[in-house]
Asker: 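Have a look at the structure that comes next, please.
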2 protein chains.
Amino acid sequence: MTDKTKKKATIYDLSVISGISPSTVSAVLNGTWRKRRIKEATAELIQKLAEEHGYSANLQARGLRSSRSGLVGLLLPVHDNRYFSSMAQYFEAQVRSTGQCPIVVSACRDPDEEHQIVESLISYSIDELLIAGATDPDGVHDICERAGLKHVNIDLPGSKAPSVVTDNYEGGRLLTQALIERMREQGPVAPDELHLFGGRDDHASRERIRAFRDVKRAMLGGDPDSCIQPTGYSPGNTAHAFEAFHARHGRLPRGFFVNSSINLEGLMRFLAQHPQEAFADIVVGCFDYDPFASFLPFPLFMIRQDAEAMITKGLSILSTTRPPIMTHLVAPTLVPPRTALIGPLDALKDPDAVHSVL
Amino acid sequence: MTDKTKKKATIYDLSVISGISPSTVSAVLNGTWRKRRIKEATAELIQKLAEEHGYSANLQARGLRSSRSGLVGLLLPVHDNRYFSSMAQYFEAQVRSTGQCPIVVSACRDPDEEHQIVESLISYSIDELLIAGATDPDGVHDICERAGLKHVNIDLPGSKAPSVVTDNYEGGRLLTQALIERMREQGPVAPDELHLFGGRDDHASRERIRAFRDVKRAMLGGDPDSCIQPTGYSPGNTAHAFEAFHARHGRLPRGFFVNSSINLEGLMRFLAQHPQEAFADIVVGCFDYDPFASFLPFPLFMIRQDAEAMITKGLSILSTTRPPIMTHLVAPTLVPPRTALIGPLDALKDPDAVHSVL
DNA sequence: TTGAAAGCGCTAACAA
DNA sequence: TTGTTAGCGCTTTCAA
């Protein structure tokens, strides 16, 4: 807590105490001094002074003047999810390495929130925006467009800006196929023994469901509509769907495809209410990877979306001059049960891990 | 992608087209017009105009002039972790509900990064800062102090600013006790059958380890130093510790306390390398809660830290005038195995979950 | 009830 | 090689 502080030094302060004009000081301190042909000695003097006085630029002033802020935004649906939080992790590292300032926000999959938040980011004059998993990418696009804000869609594509998304059809295909093959190890599989839960009417869910149907039809024959329940992205609703199924059939489906790790949390809620026996023989697929889920006490195939590649690609598009409006697909990976993958935290150094006893 | 756009409207534009002075327009548009006794009619006129022209304030300009930005920061160690990402989730919601703009950043538990990032936030004139899990809270404090930035420590306490932290001793006590009781269900427990992995030389780890020792001594007698291995906060290092133990003893400890979910990920890496039999009879405690981990195929007791309460308390301290420099403890909860708790995502509406088939 | 004017800290012509 | 100056868009006295 604080208050007592003397105000921060400005270029004028440094100008006065050095007897050098503000514009020269400015040039030195913002790095443009070489091309302004300022004497090395002058520069050094000013830098020394700045150092001594703990000078740091007022970025609001700089931003106001130059109408750019150095801020790069990432708009997420939610933080509290390994897929999106790993995106945030990669995003931060990559943006910071370019000397810009990353700012991560979440809009809770609410189109109004999305719009408002983007408006507010624009009010702060952010320079670029990565829009991840937006419910209304094209609406957000219009807002960005109007403000002249460069933006790219990630995870969920829009039709009006470049997009980088997981190849959801391919992922859905891999997952469904792995599920069926695994189920067959325990005997023949009837079409109504394989279900799908979770997701809603967005591009990703549609593609995954399309793949699910195609593979299922090819491998098992028909696919009753009752086998597909997009319960939205909420653990609670998904849990209800499992409960309802269980109430009706006295058991869970032998095999099922869960649309995301958020929906998979719904399965955990179901499990908490039932003894182990209730799911002794199930085979599950989840379109998302989570390191703990992978070791759950039933075969769980997961799809790992390549968050790092998506962020990298998204940022590279942002730095392109006139990127074509197209959708880039990023290949996902099928992760077999009991697999512990490396994540963004592994890139971190952990210098002073204590090996002695405390 | 965009470029073509006409510039955003300013109060001057509105002033010109309305024939009303900029200062009046300003007052109307920033909400101070009632106390400036501006006529209702004037206000309405300007608001209508602003609406029509899609006016929104330039927050950099406002911030520059008023030397506050409306930005509130949350500094995290990492994003990619359920404990911290749920903090971020609660933080966003609460800050936004006050009309301010939340900005979440991570510093990777690197003191230099922490300092730099805070400096850069200060350059953007953020108004308040919540410092979560900082490696060097007091160093960060000094920087904030110098800039007159209000700040509070969360999760890891500092000695120079108010702090809100989990009652780590109590959590450690609950967890160790639950572990021992559960182990005893399978027969008598010797002191060297209960171990601790993970954490490093920070306040949280020290408290947890202290509790571990106290409870262990009280319930089991001695506690050989070799039973405690603070491996830092890295999945990789922790996995190595498990491997080393396994190599030496031909098995994992019968029971062990894992210092955080990040360390627990190290256990997953170990598990991936070994058959189920290698851990058929283990009992584990983890000082963090994760909904998937709770259902792993061995008894796993977890400690849930109350991220929501900590954020709430932290923000309330920030809005206090001269908060005393003290540490507030937040009670954690022991979560028995196979428990699916509600999280921040449950507060979200999921309006258009699709119940029909696509 | 409203307007004029100064200035927040910085950048970028243009002059010197 | 450096200095002068005019703003960026907004808030805020002070005066009318």
Side-chain angles (χ1 to χ4, degrees), chain A residues 6-46 49-50 53-71 120 122-127 147-148, chain B residues 6-46 50 53-71 120 122-125 127 147-148:
Chain A
K6 54 193 171 303
K7 312 207 60 207
K8 297 198 61 180
T10 73
I11 52 169
Y12 286 100
D13 299 329
L14 299 181
S15 166
V16 170
I17 61 186
S18 66
I20 297 173
S21 82
S23 59
T24 301
V25 175
S26 168
V28 170
L29 264 17
N30 68 23
T32 60
W33 61 279
R34 304 214 87 105
K35 81 162 186 255
R36 288 215 50 206
R37 315 162 146 274
I38 282 160
K39 229 195 313 179
E40 192 95 21
T42 317
E44 275 164 15
L45 170 63
I46 293 173
L49 243 41
H53 292 255
Y55 171 85
S56 74
N58 179 323
L59 266 20
Q60 302 217 76
R62 176 177 294 172
L64 174 58
R65 181 54 234 235
S66 55
S67 54
R68 33 190 357 279
S69 60
L71 262 18
S120 99
I122 288 172
S123 293
Y124 283 106
S125 311
I126 66 166
D127 297 334
Chain B
K6 54 195 171 303
K7 314 207 61 208
K8 296 199 64 181
T10 73
I11 52 169
Y12 286 99
D13 299 330
L14 298 181
S15 166
V16 170
I17 60 186
S18 66
I20 297 172
S21 82
S23 58
T24 301
V25 174
S26 169
V28 170
L29 265 16
N30 68 24
T32 60
W33 61 279
R34 303 215 88 105
K35 81 162 186 254
R36 289 215 50 207
R37 315 164 145 273
I38 280 159
K39 230 195 314 181
E40 191 96 21
T42 317
E44 276 165 13
L45 170 63
I46 293 174
H53 291 256
Y55 171 85
S56 73
N58 179 324
L59 265 21
Q60 303 217 74
R62 174 177 296 172
L64 174 58
R65 180 55 233 237
S66 55
S67 55
R68 27 187 5 276
S69 61
L71 262 18
S120 99
I122 287 172
S123 294
Y124 283 106
S125 312
D127 298 334

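Quick caveat, the model's predicted, so the values are computed rather than measured.
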Asker: OP1, OP2 of dG3(C) versus side-chain N and O of Ser23(B): anything below 4.0 Å?
Answerer: no
Asker: Without decimals, in angstroms, what is the distance between Leu64(A) CG and dA12(C) P?
Answerer: 12 Å
Asker: Run the numbers on Trp33(B) and Lys39(B) for side-chain contact (heavy atoms from CB on, under 4.5 Å), then give the verdict.
Answerer: CA-CA 8 Å; Trp33(B) 61 279; Lys39(B) 230 195 314 181; over 6 Å; no
Asker: Students often get this wrong, so: under 4.0 angstrom with heavy atoms, is Thr32(A) touching a base, only sugar-phosphate, or nothing?
Answerer: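 If one applies the 4.0 Å heavy-atom cut-off, Thr32(A) turns out to touch nothing in the nucleic acid.
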Asker: Under 4.0 Å between a side-chain N/O of Asn30(A) and OP1 or OP2 of dT11(C), yes or no?
Answerer: yes
Asker: Which is it for Asn30(A) and Arg62(A) under the side-chain contact (heavy atoms from CB on, under 4.5 Å) test, yes or no, and what are the steps along the way?
Answerer: CA-CA 10 Å; Asn30(A) 68 23; Arg62(A) 176 177 294 172; 3.5 Å; yes
Asker: Please confirm whether the shortest side-chain N or O distance from Arg62(B) to OP1 or OP2 of dG9(D) is below 4.0 Å.
Answerer: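 For dG9(D), OP1/OP2 do not have a side-chain N/O of Arg62(B) under 4.0 Å.
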Asker: Does Pro22(B) or Arg37(B) map to a spot on DNA chain C nearer the 5' end, using the closest nucleotide for each?
Answerer: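 With Pro22(B) and Arg37(B) compared, the 5'-side residue is Arg37(B).
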Asker: With a 4.0 Å cutoff (strictly under), does any side-chain N or O of Ser21(B) reach OP1 or OP2 of dG3(C)?
Answerer: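 Answer yes for this pair, as a side-chain N or O of Ser21(B) is under 4.0 Å from OP1 or OP2.
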Asker: Atom CG of Asp13(A) to atom C1' of dC8(C): distance rounded to whole Å?
Answerer: 13 Å
Asker: Nearest to the side chain of Tyr55(A), heavy atoms from C-beta on, is which of dT11(D), dC10(C), dG9(D)?
Answerer: dC10(C)
Asker: Pair Thr42(B), Leu45(B) - check side-chain contact (heavy atoms from CB on, under 4.5 Å), show working.
Answerer: CA-CA 5 Å; Thr42(B) 317; Leu45(B) 170 63; 5.7 Å; no
Asker: If you check every side-chain atom of Arg36(A), which of dG9(C), dG3(C), dG3(D) has the closest atom?
Answerer: dG3(D)
Asker: For a side-chain contact (heavy atoms from CB on, under 4.5 Å) check, start with the C-alpha distance between Asn58(B) and Leu64(A), then their side-chain angles and the critical distance, and finish with the verdict.
Answerer: CA-CA 8 Å; Asn58(B) 179 324; Leu64(A) 174 58; 4.1 Å; yes
Asker: Mind calculating the distance between CD1 (Ile11(B)) and P (dT2(C)) to the nearest angstrom?
Answerer: 16 Å
Asker: Measure the distance from CZ on Arg68(A) to C1' on dG9(C) and round it to the nearest whole Å.
Answerer: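 The answer, rounded to whole Å, is 18 Å.
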Asker: Between Ser26(A) and dT11(C), does any side-chain N or O lie under 4.0 Å from OP1 or OP2?
Answerer: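 Result: yes.
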Asker: Want to settle it: does Ile38(B) or Ala27(A) sit nearer the 5' end of DNA chain C, counting the closest nucleotide to each?
Answerer: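 The residue mapped nearer the 5' terminus is Ile38(B).
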Asker: May I ask you to say what Ala57(A) touches in the nucleic acid, namely base, sugar-phosphate or nothing, with a heavy-atom cut-off under 4.0 Å?
Answerer: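 Counting heavy atoms under 4.0 Å across all strands, the contact made by Ala57(A) is with sugar-phosphate only.
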Asker: Choosing from dC8(C), dT1(C), dC10(D), which nucleotide comes nearest the side chain of Ala61(B)?
Answerer: dC10(D)
Asker: Look at the side chain of Tyr124(A) and the backbone N and O of Ser69(A), then say whether any donor-acceptor pair between them is shorter than 3.5 Å.
Answerer: no
Asker: Take atom CG of Asn58(B) and atom P of dG7(D), then tell me their distance rounded to the nearest Å.
Answerer: 18 Å
Asker: Nearest-nucleotide wise, let me know which of Thr24(B) and Gln60(B) is further upstream toward the 5' end of DNA chain D.
Answerer: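 Between the two, 5'-proximity favours Gln60(B).
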Asker: Can you say whether a donor on the side chain of Thr42(B) sits under 3.5 Å from an acceptor on the base of dT1(C), or the other way round?
Answerer: no
Asker: In whole angstroms, how far is the P atom of dT2(C) from the CD atom of Glu40(B)?
Answerer: 11 Å
Asker: Can you tell me whether the side chain of Arg65(A) and the base of dG7(D) have a donor-acceptor pair closer than 3.5 Å?
Answerer: yes
Asker: Any donor-acceptor pair under 3.5 Å linking the side chain of Ser123(A) with the backbone of Leu59(B)?
Answerer: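 No; judged by distance alone, with no hydrogens or angles, the pair does not exist.
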Asker: Within the 4.0 Å heavy-atom criterion, would you say Leu59(A) contacts the bases, only the backbone, or no part of the nucleic acid?
Answerer: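 Answer is nothing: Leu59(A) stays at 4.0 Å or more from every strand.
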Asker: Rounded to whole angstrom units, what separation is found between the NZ atom of Lys35(B) and the P atom of dT2(C)?
Answerer: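 Taking NZ of Lys35(B) and P of dT2(C), I get 17 Å after rounding.
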Asker: Rounded to the nearest Å, what distance is computed from the OH atom of residue Tyr12(B) to the P atom of nucleotide dA4(C)?
Answerer: 11 Å
